[in-house]
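One structure is given here, and the rest of the page talks about it.
FYI, side chains are in, hydrogens and waters are out, and symmetry mates aren't considered; it's all heavy atoms of this structure.
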Amino acid sequence: MRTRVMSHFQSALTVRKEMKLSQQVHHIEWIETSGELSALVLEAKLIKERMPSMNIKLRRSKDLCAWQLSQDTSGCDRPTLITHKHLQPGVQENLFGLFYNKKEAMGYLAAVAKKYQLCEALLGLEKVDEGKPCFGYQVKQCHGACIGKVSLAAHNLKLRTALQLYKVPVWSFAGAVAIKDGHSMLVINKWCYLGTANDHDELEDFAQSKDLNFDLDIYKIIKKAITGSHKVNVVNLSSSQRVDRFS
């Protein structure tokens, strides 16, 4: 932590943002956590609560959205933009992306279409008359799925392959899980952070909570932890096996 703090002051003479930050500092406070994972989650929560002027990367987004693929009657996979009001990450199938706003989502889909030479008409990015080629085909940026030169099955496979890296996993547990981090347990359900438990009573209370508020930044932190460095520290709280989780 000392190294992190000192790095701001060391850059104050060369970086304008760091200089401004240094001039505004009057005192430094810290909160002790049981581990790095707890610290990352706490940081994400505090930034949204206190809205620091020089840290906007982790601020809450009210316009969160994602693409969802569904197949129409012709057998073509069509992306539909699911906005914040109807979005349920961890519950909905075939969800891809998670974007802070509609503009970011549209830009991403357009970039995917261009990179993989997909048909923008079939993706809903361009309107064309039935049977007519899209603009991309005319400039050799579409392989012709819009006019049958490429099968819909091939186009579907290419689209799903392109989006796979950004697939939002459906929550694979029956209920809440706990991630052991030092002497505490972070309780998670459907990718939502429910709280940090320091004893069995708190653990049970958080596990039964229905207060699921999805946060994109915390989701990224938890997803990385639960599939990587903390994979062996995950305890399924819905399991019939009861263990001493604080041992």
Side-chain angles (χ1 to χ4, degrees), residues 37-49 51 55-71 77-113 123-125 156 159-179 181 185-197 206-231 233-239:
L37 181 59
S38 300
L40 291 172
V41 170
L42 178 61
E43 179 187 26
K45 286 176 60 62
L46 289 177
I47 286 174
K48 291 174 180 65
E49 291 172 6
M51 301 288 284
N55 193 332
I56 62 173
K57 293 182 73 175
L58 298 183
R59 289 190 182 180
R60 187 182 302 278
S61 172
K62 295 181 180 180
D63 301 314
L64 198 66
C65 55
W67 292 106
Q68 186 176 48
L69 290 184
S70 57
Q71 200 166 95
D77 282 343
R78 303 275 188 175
T80 300
L81 190 63
I82 308 298
T83 56
H84 179 75
K85 186 176 180 181
H86 303 287
L87 192 62
Q88 292 181 293
V91 177
Q92 293 161 313
E93 300 276 357
N94 295 318
L95 211 59
F96 301 87
L98 290 177
F99 307 96
Y100 286 105
N101 51 58
K102 181 179 179 180
K103 182 180 179 180
E104 186 182 18
M106 297 295 289
Y108 167 75
L109 190 61
V112 165
L123 296 182
L125 297 172
N156 291 346
L159 173 60
R160 286 185 175 271
T161 302
L163 295 179
Q164 191 62 34
L165 183 63
Y166 294 89
K167 185 175 178 64
V168 181
V170 173
W171 187 246
S172 59
F173 302 95
V177 302
I179 307 175
D181 188 43
M185 304 284 277
L186 280 73
V187 185
I188 313 294
N189 194 4
K190 295 182 176 64
W191 299 116
C192 299
Y193 169 71
L194 300 178
T196 298
F206 286 135
Q208 299 301 319
S209 175
K210 303 299 181 183
D211 188 19
L212 303 181
N213 295 308
F214 183 84
D215 181 286
L216 178 55
D217 301 302
I218 292 180
Y219 158 75
K220 291 177 180 178
I221 295 168
I222 296 300
K223 181 184 175 185
K224 184 178 180 179
I226 216 170
T227 58
S229 59
H230 285 72
K231 187 176 183 179
N233 297 326
V234 176
V235 178
N236 187 351
L237 299 181
S238 59
S239 171

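- With sequence neighbours excluded, no residue satisfies side-chain contact (heavy atoms from CB on, under 4.5 Å) with T227.
- Residues Q164 and K167 meet the side-chain proximity criterion, which asks for heavy atoms closer than 4.5 Å.
- Under the rule for a side-chain contact (heavy atoms from CB on, under 4.5 Å), the partners of E93 that lie at least two apart in sequence or sit in another chain are V170.
- For D181, there are no salt bridge (Lys or Arg N to Asp or Glu O under 4.0 Å) partners, not counting sequence neighbours.
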**Message:** Checking N94 against R160 for the side chain to side chain contact (heavy atoms under 4.5 Å, CB included) test, could you report, in this order, the C-alpha distance in whole Å, the side-chain angles of both residues, the deciding distance, and whether it holds?
**Reply:** CA-CA 9 Å; N94 295 318; R160 286 185 175 271; 3.3 Å; yes
List the atom pairs, with distances to 0.1 Å, where a side-chain N or O of residues 186-194 and a protein N or O form a donor-acceptor pair under 3.5 Å, not counting sequence neighbours.
residue, atom, partner, partner atom, Å
N189, OD1, W171, NE1, 3.4
W191, NE1, P169, O, 2.9
Y193, OH, T196, N, 3.2
Y193, OH, T196, OG1, 2.6

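- By the 4.5 Å heavy-atom criterion applied to side chains, W67 and I82 are not counted as neighbours.
- Neither side chain, N213 nor D215, offers a donor N or O lying under 3.5 Å from an acceptor on the other.
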Apply the test side chain to side chain contact (heavy atoms under 4.5 Å, CB included) to residues K220 and K223: give CA-CA distance (whole Å), side-chain angles for both, the deciding distance (0.1 Å), then the verdict.
CA-CA 5 Å; K220 291 177 180 178; K223 181 184 175 185; 5.9 Å; no
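- Within 6.0 Å of NZ on K45 lie no more than 12 heavy atoms contributed by other residues, nucleotides or ligands.
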| field | Residues F214, L87; criterion side chain to side chain contact (heavy atoms under 4.5 Å, CB included); working and verdict | value | CA-CA 10 Å; F214 183 84; L87 192 62; 5.8 Å; no
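- For the side-chain contact (heavy atoms from CB on, under 4.5 Å) test with M185, the passing option among L237, N233, I179, V235 is V235; the others fail.
- Residues passing the side-chain contact (heavy atoms from CB on, under 4.5 Å) test with K224: none are found, sequence neighbours excluded.
- Interatomic distance, CZ of R78 versus CG of L69, reported as 11.5 Å (0.5 Å rounding).
- Under a 3.5 Å cut-off, the side chain of Q92 and the backbone N or O of V168 do not form any donor-acceptor pair.
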Could you go step by step and tell me if D63 and H84 meet the side chain to side chain contact (heavy atoms under 4.5 Å, CB included) rule?
CA-CA 6 Å; D63 301 314; H84 179 75; 5.9 Å; no
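- Between Q68 and L95, the closest side-chain pair of non-hydrogen atoms falls below 4.5 Å.
- For N156, the side-chain contact (heavy atoms from CB on, under 4.5 Å) partners two or more places apart in sequence, or in a different chain, are Q71, C76, D77.
- Once rounded to the nearest 0.5 Å, the distance linking CD of E104 with CG of L64 reads 9.0 Å.
- Residues S238 and G175 come closest through the heavy atom pair OG-N, 3.7 Å.
- Partners of Y108 under the ring pair (Phe, Tyr, Trp, His ring centres under 6.0 Å) rule, at least two apart in sequence or in another chain, are F99, Y166.
- Residues L40 and E43 form a side-chain contact, since some pair of their non-hydrogen atoms from C-beta on lies under 4.5 Å apart.
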